[in-house]
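Lettering follows sequence order; numbering is per chain, from 1. The figures that follow rest on heavy atoms only: side chains count, while hydrogens, waters and symmetry mates do not.
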2 protein chains.
Amino acid sequence: MNTLAEENYLKSIYHLSVNDGNASTNQIASSLNTKASSVTDMLKKLADKALINYTPYQGVSLTPSGEKIAISIIRKHRLWEYFLVEKLNFKWDQVHDLAEEMEHISSEELIDRLDKFMGYPKHDPHGDPIPDCNGRFNTHELKPVSAVTVNQSGIISGVRDHSSSFLQYLDKKQLTIGCKIMITDIIEYDHSVVVQTGNKEVHISREVANNLLIAL
Amino acid sequence: MNTLAEENYLKSIYHLSVNDGNASTNQIASSLNTKASSVTDMLKKLADKALINYTPYQGVSLTPSGEKIAISIIRKHRLWEYFLVEKLNFKWDQVHDLAEEMEHISSEELIDRLDKFMGYPKHDPHGDPIPDCNGRFNTHELKPVSAVTVNQSGIISGVRDHSSSFLQYLDKKQLTIGCKIMITDIIEYDHSVVVQTGNKEVHISREVANNLLIAL
DNA sequence: TAAAAAATTTAGACTAATCTAAAAAAATAA
DNA sequence: TTATTTTTTTAGATTAGTCTAAATTTTTTA
């Protein structure tokens with residue numbers, strides 16, 4: 001078994017390397033709120049355990065076994081989030097920190113039974129896909145609202161920012177997972193976006209549009 | 001908040017001092033599978049935090065704030081055990097170690113919601129009372145089978161040993177929580193006990209009788 | 001009640017994970 | 001392509017929790 005710190009590093013490296021397959025020391029440090037020197041120490045340890053590929057100064061990538069562990073933690077995180085929202089009636093902006101703690105409960109059997117208990121959900125409350133017990137999941141084809149052209153419509157299906165302040169803002173604007181929206185205007189000047197949701201028009205900033213994902 | 005190690009010490013001290021209100025260094029060491037010298041170090045730390053009353057060489061007792069924390073951990077442990085058995089269909093002999101891990105999830109709101117979700121159960125799968133959100137619970141009036149006289153009957157309502165080997169043995173003998181039994185004979189020679197359960201007679205050793213608790 | 005045994009504490013060391021400050025390597029800019 | 005800046009690593013220290021071995025206190029026993 002791995003320590004809590006090791007698990008958090010693997011998870012962070014996984015998220016950071018989703019795009020380019022590589023994570024830098026500084027990126028990891030800032031995502032874990034720690035110092036670059038601490039990261040270097042841990043990278044050596046994870047490399048010794050063959051969980052990452054590490055060449056000094058060159059950043060890191062996960063090995064297959066490191067990725068397996070990372071995905072298992074993400075599975076746990078998302079299933080617990082689903083449990084908290086669907087069974088214990090938490091709001092979607094309240095569950096991230098709780099799940100950060102619960103994702104380290106080690107038992108795989110427990111999580112598989114939890115999965116079954118909830119009917120094998122495919123997405124967590126923020127729209128992120130939940131890996132199955134073999135670590136497989138659909139990488140959904142979502143676009144940020146900022147990348148959509150005028151008059152296109154779609155279903156809000158994910159967020160890039162999981163902070164409660166962002167989620168609460170979306171709640172207030174009634175821009176939540178599952179809502180159908182249409183992009184009615186894009187303001188050239190500041191790249192802010194006007195979207196139609198239900199019978200209302202909502203004006204959102206470029207930053208919000210960037211962090212709101214829709215399925216076309 | 002307290003560390004995992006601190007929480008485990010407080011819980012251990014609570015359990016050890018239920019009877020005489022006091023726990024010794026060696027008792028704590030053996031219950032936590034650690035060394036007496038490690039215990040001494042931790043006792044100083046807990047005393048500094050005013051969670052225990054500690055006089056060197058004299059053993060320790062919990063202060064009110066230490067007891068509050070201990071009971072909160074026990075509440076979590078027992079609620080998670082209930083959840084695992086009632087919702088995820090684990091057997092009563094499979095849940096102890098899982099709950100040891102889950103009891104350290106810190107959120108009180110989470111555990112209160114879990115309590116509500118399950119309908120405020122009063123006892124865990126081993127018959128132990130579950131403290132309510134204020135830390136109150138009935139200390140049930142149970143007797144070990146070894147302390148009962150011939151021809152008395154009662155309901156199996158608790159166990160003193162939570163090891164899976166003991167619980168599996170009870171399963172095999174069909175001596176589980178809720179069963180009505182009658183003590184039909186006590187063997188003078190080795191203090192073993194013959195009990196009637198349903199239409200069967202079961203012969204149990206003194207040790208088993210000692211660890212099986214009934215309500216008369 | 002003095003000697004032996006048991007229990008407990010102290011002293012000093014170790015590991016995991018972190019930090020600051022300094023050194024080294026890589027990337028960028030002049 | 002050399003100088004500067006940024007990134008990363010190394011060196012050395014710190015904290016929590018643990019350990020072994022030695023010292024001390026308490027308890028037991030003769």
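Residue B:Ser38 places none of its side-chain N or O atoms closer than 4.0 Å to OP1 or OP2 of D:dT18. For the pair B:Tyr54 and C:dT9, the criterion of a side-chain N or O lying under 4.0 Å from OP1 or OP2 is met. Considering only side-chain N and O atoms, A:Tyr57 lies nowhere under 4.0 angstrom from the phosphate OP1 or OP2 of D:dT10.
Put simply, the side chain of A:Thr40 and the base of D:dT10 share no donor and acceptor less than 3.5 Å apart. Counting distance only, with no hydrogens placed and no angle test, the side-chain atoms of A:Ser37 and the base atoms of C:dT20 include a donor-acceptor pair under 3.5 Å.
Between the CG atom of A:Asn33 and the P atom of C:dT18 there is a distance of 11 Å, rounded to whole Å. Protein atom CG of A:Asn2 is 14 Å distant from nucleotide atom C1' of C:dA16, rounded to whole Å. Here the P atom of nucleotide C:dT18 and the NZ atom of A:Lys44 are 15 Å apart, to the nearest Å. Atom pair B:Ile52:CD1 and C:dT8:P shows a separation of 13 Å (rounding to whole Å applied). Between the CG atom of B:Asn26 and the P atom of D:dT25 there is a distance of 18 Å, given to the nearest Å. Note: CD1 (A:Ile28) to C1' (D:dT7) measures 13 Å, nearest angstrom. Distance, A:Gln58 CD to D:dT8 C1': 10 Å, rounded to whole Å. Rounded to an integer number of Å, the gap from CG of B:Asn8 to P of D:dT18 is 9 Å.
A cation-pi arrangement, defined by a distance under 6.0 Å to the six-membered ring centre and an angle within 45 degrees of its axis, is absent between B:Lys87 and A:Phe83.
Relative orientation of the B:Phe117 and A:Phe117 rings is perpendicular, given thresholds of 30° and 60° on the angle between their planes.
Side-chain atoms of B:Lys35 lie closest to D:dT20 of the nucleotides D:dT20, D:dT18, D:dT9. Distances from the side chain of A:Met42 to the nucleotides C:dT20, C:dT18, C:dT9 place C:dT18 closest.
At the heavy-atom level, B:Thr25 lies under 4.0 Å from the strands shown only through sugar-phosphate atoms.
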**Request:** Please step through salt bridge (charged side-chain N to carboxylate O under 4.0 Å, His left out) for the pair B:Lys76 and B:Glu108, ending with a clear verdict.
**Result:** CA-CA 9 Å; B:Lys76 289 173 186 168; B:Glu108 297 290 331; 3.5 Å; yes
**Request:** Could you check B:Lys91 against B:Asp171 for salt bridge (charged side-chain N to carboxylate O under 4.0 Å, His left out), going step by step and ending with a plain yes or no?
**Result:** CA-CA 10 Å; B:Lys91 303 277 176 258; B:Asp171 268 339; over 6 Å; no
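In this structure C:dA13 sits in a base pair with D:dT18, meeting the Watson-Crick or G-U test at under 3.5 Å.
The residue from B:Leu212, B:Leu213, B:Leu216 that alone fulfils the side-chain contact (heavy atoms from CB on, under 4.5 Å) condition with B:Lys143 is B:Leu216.
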